[in-house]
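Shown next, in structure tokens, is the structure this report addresses.
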Amino acid sequence: MSEILVLVEHVEGEVKKVTLELLTLARSLGTPAAVWAGPGITAEAKAKLAEYGADKIYVAGSSDLADYVVAPKAELLAQLVSGKSPAAVLVAATAEGKEIAGRLAIKTDSGVITDAVGLGEGFVADQSIFGGGVNVHSKVRKGTPIVAVRPNSTAPVAAAGAGTEEEVPVTLSDAAKTARVVERVKQEKGARPELTEAAIVVSGGRGVGSAENFSVIEGLADALGAAVGASRAATDAGWYPHQFQVGQTGKTVSPQLYIAAGISGAIQHRAGMQTAKTIVAINKDPEAPIFELADYGVVGDLHQVVPQLTEEVDKRK
Ligand SMILES: Cc1cc2nc3c(=O)[nH]c(=O)nc-3n(C[C@H](O)[C@H](O)[C@H](O)COP(=O)(O)OP(=O)(O)OC[C@H]3O[C@@H](n4cnc5c(N)ncnc54)[C@H](O)[C@@H]3O)c2cc1C
């Protein structure tokens with residue numbers, strides 16, 4: 001079967017979950033080959049990539065791949081595309097991943113699909129567009145299909161691959177070295193998972209009522225090991241930081257489970273969450289539009305429902 005390149009997302013030597021999802025997806029379409037860009041690959045990282053099906057691990061360990069912004073990674077992939085003729089290239093649909101995908105498409109004269117939420121036979125991608133109102137099936141018709149897949153689109157499933165390592169020497173152009181990374185500042189992060197990567201997201205909206213009341217949402221999130229999200233009404237009111245806003249002008253999430261509490265379900269909010277696998281809505285208004293979208297709905301006051309839910313979840317631990 002043809003090789004499918006998967007660009008590895010890694011932080012401090014650790015492989016991010018989205019890469020395991022991409023390897024799982026690649027396995028259903030061909031032979032996955034992981035591409036590690038930058039120094040610092042560890043034995044654990046290699047073992048993880050092999051555990052999730054990487055047949056090959058291409059390692060380009062040059063520090064140039066970490067020291068310059070984005071462009072070198074696109075050049076690395078372009079060199080692999082021309083040298084290995086893969087059937088497709090998969091990257092995570094993160095801000096960086098999408099930029100790499102775009103640059104790679106130009107360099108290889110190929111088509112690119114971003115924000116895919118699924119990828120099937122013949123590399124036909126599923127996309128959710130127009131604020132999530134329309135589902136589209138798209139296919140690259142020119143060159144090597146380059147597909148940026150949203151985190152959480154596939155559940156990662158282990159299935160061992162050979163994990164054969166191959167060093168890749170990279171020759172970077174001067175153009176790829178025009179923007180250098182001068183500093184990395186670690187974002188203060190609590191124990192909760194990253195919003196766009198979390199398998200479960202619990203979001204609160206205007207119905208939460210105040211900044212203090214967001215502790216109710218946080219309590220359920222912590223019981224479930226989930227990330228906390230918020231509607232724009234809640235972030236604009238200053239009840240929760242803007243970086244947690246879900247929606248058209250916030251983050252796009254695609255978790256296995258999305259719990260919306262006190263959120264009406266405006267189109268701009270839906271745009272950021274409606275590809276979630278299972279949606280649960282808690283709202284006191286039975287006519288709230290969020291119920292049209294929800295798989296499960298609870299009509300009730302979130303201040304009563306959410307603490308009870310948290311208690312039940314805690315009991316089962
Ligand atoms: C260009 C543009 C971009 C936008 N981008 C975004 C975006 O990225 N994300 C986003 O979220 N919005 C976005 N919006 C705003 C969006 O249109 C809505 O105004 C917003 O999503 C509403 O937030 P909400 O559902 O929390 O509030 P509301 O619409 O006010 O709904 C609150 C809900 O809470 C329920 N409720 C109240 N009290 C309780 C209670 N005690 N228990 C249970 N339920 C209760 C009510 O019944 C109601 O359904 C954007 C708007 C524009 C114009």
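We count ligands from 1, going down the list as the structure has it; atoms in each ligand are counted the same way. Each residue takes its place number in the sequence, starting with 1.
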Provide, to 0.1 Å, the distance between [atom] and the closest protein heavy atom, together with that atom's residue and name.
{"atom": "atom 9 (N) of ligand 1", "value": "Val246 O, 2.8 Å"}
{"atom": "atom 37 (C) of ligand 1", "value": "Gly207 CA, 3.3 Å"}
{"atom": "atom 15 (C) of ligand 1", "value": "Arg232 CB, 4.2 Å"}
{"atom": "atom 44 (N) of ligand 1", "value": "Lys284 N, 3.2 Å"}
{"atom": "atom 24 (P) of ligand 1", "value": "Ser231 OG, 3.5 Å"}
{"atom": "atom 22 (C) of ligand 1", "value": "Ala233 CB, 3.9 Å"}
{"atom": "atom 53 (C) of ligand 1", "value": "Gln268 NE2, 3.8 Å"}
{"atom": "atom 30 (O) of ligand 1", "value": "Arg206 NE, 2.6 Å"}

Contact with ligand 1 for Gly300, non-hydrogen, under 4.0 angstrom: yes
Against heavy atoms of [X], which atoms of ligand 1 measure under 4.0 Å?
{"X": "Asp301", "value": "40 (C), 41 (N), 42 (N)"}
{"X": "His303", "value": "41 (N)"}
{"X": "Gly250", "value": "8 (O)"}
{"X": "Gln245", "value": "6 (C), 7 (C), 8 (O), 9 (N)"}
{"X": "Gln248", "value": "7 (C), 8 (O)"}
{"X": "Gly205", "value": "26 (O)"}
{"X": "Gly247", "value": "7 (C), 8 (O), 9 (N)"}

Does [X] come within less than 4.0 Å of [Y], counting only side-chain N to carboxylate O?
{"X": "Asp67", "Y": "Lys177", "value": "no"}
{"X": "Glu96", "Y": "Lys73", "value": "yes"}
{"X": "Lys48", "Y": "Glu44", "value": "no"}
{"X": "Lys46", "Y": "Glu165", "value": "yes"}

Single-linkage hydrophobic cluster, 4.5 Å side-chain cutoff, Ile100 and Val69 together: yes
Pairwise side-chain contact, Thr94 with Arg150, heavy-atom cut-off 4.5 Å (strictly under): no
Side-chain heavy-atom pair Asn152, Val253 within 4.5 angstrom cut-off: no
Plane angle bin for Trp239 and Phe214 - parallel if under 30°, tilted between 30 and 60°, otherwise perpendicular: tilted
Audit row: Val208, Tyr240, side chain to side chain contact (heavy atoms under 4.5 Å, CB included) steps and yes/no: CA-CA 11 Å; Val208 174; Tyr240 220 67; over 6 Å; no
Which option, [options], owns the non-hydrogen atom nearest [atom]?
{"atom": "atom 32 (C) of ligand 1", "options": "Ala260, Gly262, Pro289", "result": "Gly262"}
{"atom": "atom 21 (O) of ligand 1", "options": "Gly265, Ala266, Ala281", "result": "Ala266"}
{"atom": "atom 46 (C) of ligand 1", "options": "Asn283, Val299, Asp285", "result": "Asn283"}

Ile290 versus Ala260, closest heavy-atom pair with distance: CD1-CB, 4.2 Å
Exercise: identify the closest heavy-atom pair between Leu90 and Leu22: CD1-O, 3.8 Å
Nitrogen or oxygen of Leu302 less than 3.5 angstrom from that of ligand 1: yes
Distance (rounded to the nearest 0.5 Å) between Ile279 CD1 and Ile259 CD1: 11.5 Å
Nearest protein heavy atom under 4.0 Å from atom 19 (O) of ligand 1, yes or no: no
For residues 138-148, which side-chain donor-acceptor pairs fall under 3.5 Å, sequence neighbours excluded?
residue, atom, partner, partner atom, Å
Ser138, OG, Gln127, OE1, 2.5
Lys139, NZ, Gly122, O, 3.0
Lys142, NZ, Asp109, OD1, 3.1
Lys142, NZ, Asp109, OD2, 3.3

